[in-house]
Amino acid sequence: MRLLAKIMIVAMASCADSSSLDEGECTGKCDGHHGGHGGMPAAPPMIRPAPWTGTLATATFTDQNPDPKIVEVSLTAAMTEVEYLPGKRARVWAYNGSVPGPTLEAKVGDRVIVHFTNNLPEPTTIHWHGVRVTNAMDGTHRVMEPIAPGATFEYDFTVIDAGTFWYHPHVRGAFQMEKGLYGGFIVRDAAEPAIPSTAEEVVVLDDVLVDPATGALKDLENARTMMMGLEGNLLLVNGARSNMGISVRAGEWRRWRVVNAALSRYVKLSMVSGDMIRIGGDGGLLAAPQTATELLLVPGERADVLVSARAPGTTATLRAVPYERADGAGATESIDVLRLVATTEPARTPAAVPSSLRAISMLAPSGPTRTIRLGEMVHGSEMMFTINGEMYPDVPVINSSLGTVETWNIVNETAMDHPFHLHGFFFQRQGAGEWKDTINIPANATVRLLVDFEDHDGAAGGWMYHCHIIGHQEGGMMGDVMTR
Ligand code: C2O
Ligand code: CU
Ligand code: CU
C-alpha cells in the first residue's frame, strides 16, 4: 500500500492563487518579496502580540484508577473552537477540548491506560513521542490500523524512562497537528535529585497560521511551504499567544519543561536579562546542569530548564531569536515568548542546583555502522524528500539486533537543516553523554549518532525514523527499522 501522497509544487508564477494569505497585499507585489532557495514566496509576517499577563497552565487528566501504579485516563479527539487571538474564535481539532491537550503525567514504572475515542471526521492515531512504549502501542501505521471516525482504541503501556515527552497523531500529521492535536507527557522518577524550583510548568510551543483579522486558522500551500514546511505567523505558548508575563519573585527558579510541537519552526531561545540553566533534554536529566544563554529547539525536541529573573522590579524575557534553517527560511525576527516579571519583594538567594544530576555512561558501538543520507529531489512538478535516494515506503528497511549499539552517520546532503527523530530507542550524539530522540542535522553536515537498541519489553518490531518537519516526513523522508 502506498500511503504517500505525492506533493505537487504550486506554480510559483501565480502568487495570488498559491496562497490564501493576504491576497490583497500579495497581488502585484509578490515579485518584490521573493526570498532565497530559488525565488520562494515570502513567509507571512509574524503577529507580535502586545505584552499581557497570565499564568502558565495546561489542561490535566483525571486519573480514573485508584491504583497508584496505574494512570488510567480518557482522551477524545474532536473539533472545537478556541481563541488564539483574544476575542476571536478559531475552529481547531483538539484533545479533550483544549490546545494543547491535557498534560499526561506518570511515574517511572506506572502502567498508563488511555481510552481513546476518535470523534474527528477522519482516521487518526496517537504516537507517544520519545516514550519507549511496547511496539504495538507506538501509534504508527506500521503497527496499527488508524482509528476510524467514531471508533475507540485502548493504549496500554508501562513507562520506563523519566523525562519530558509529548503525544501527537501519526497519520496526516502535517494536517492534524497543525489543527491543534498535541499534548505534553511528563514522566517523573522519585529517585531523581530534588530540583530547587518554586514551580514546575510545561511550556508547549507551536506556531499557527491565522488570519489576523478573524483569528481563524488558514491554509497555506505554496512553493515555500512545500519545500520548507509550514511556518505560521503566530507563536503559541500552551495554546495562547506569545508575550505573556508571569509574576515571579527575583531569584526564584521556575522549572519549565519546554516542548517544540511546531510542524517546521526551529525555536532558538535566548534568556534576556535573566538566567537559564538547562537540566534536561529529550531523554530526561542531563549528567550536569548547563548554563544556557541560547538554546535551539528543533521540531519534536524538548528542554528542561530552570529560569529566573535577577533583580526585584526587573523583567527577564525568553525570546525566540532569528535562526536561518535554510536559505531564506526560518525566523528572521525576534519574538518575545514569555516574560518573568519580578515583583518588588526582595530577591531570594538563588537556590543551588545540584552539580551532578545523573550518571550517564557514554555508549560504545557494538553493532554495524550505517549511513543515512537525507536528500531532496525535484522531479517535474514533484518535490521529493529522500533517504538514501528513495522516498518512503521505498527506503530500504534497516534490520537491527536488540542489545547492540549501532553507529548511524546521518549525512545531510541538502542545503537546509532537518530534525532527525527515531522512535522507540534513545541515541547519543557521539561524544555527548545525553539521551536524545530528536536532533538537528544542519545543512550539508554529518552528525554521528550512537543508537542504543537496548532490549526491553516490546522492543522488537517495526519502528520509524524520520525528519520531524512533518511536511518532509510526509514528502518521503522517513524509514523503517525492524528490531529483533
Ligand atoms: Cu513526534 Cu514519528 O514522531
Ligand atoms: Cu516519535
Ligand atoms: Cu526535513
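Whatever order the structure lists them in is the order used to number ligands and atoms, beginning at 1.
Salt bridge annotation for R358-E192: absent, with no cationic side-chain nitrogen under 4.0 angstrom from a carboxylate oxygen. Between K179 and E122 no salt bridge is recorded (no basic side-chain N to carboxylate O distance below 4.0 Å). Ion pairing between a basic and an acidic side chain is recognised when a charged N comes within 4.0 Å of a carboxylate O; E474 and R172 show no such pairing. The pair E434-R429 does not meet the salt-bridge criterion, since no charged nitrogen lies less than 4.0 angstrom from a carboxylate oxygen. Look at R188 and D110 and you find no salt bridge, because none of the NZ, NE, NH1 or NH2 atoms lies under 4.0 Å from a carboxylate O.
Inside a sphere of radius 2.8 Å centred on the Cu ion (ligand 3), the protein N/O/S atoms present are H418 ND1, C467 SG, H472 ND1.
Counting backbone and side-chain atoms alike, H170 contributes no N/O/S atom closer than 2.8 Å to the Cu ion (ligand 2). Contact annotation: H468 places an N, O or S atom under 2.8 Å from atom 1 (Cu) of ligand 1. The distance from the Cu ion (ligand 2) to the nearest N/O/S atom of H421 is under 2.8 Å.
Annotation: angle subtended at atom 1 (Cu) of ligand 1 by H168 NE2 and H129 ND1 is 120°, to 10°.
You'll find the side chain of D480 stays beyond 4.5 Å of the side chain of I398, heavy atoms only. Taking the side chain as every heavy atom from C-beta outward, I387 and Y392 never approach each other to under 4.5 Å.
From M377, atom CE reaches atom CD of E413 across 11.0 Å, with rounding to the nearest 0.5 Å.
When distances from the Cu ion (ligand 2) to the N, O or S atoms of H127 are compared, NE2 comes out shortest.
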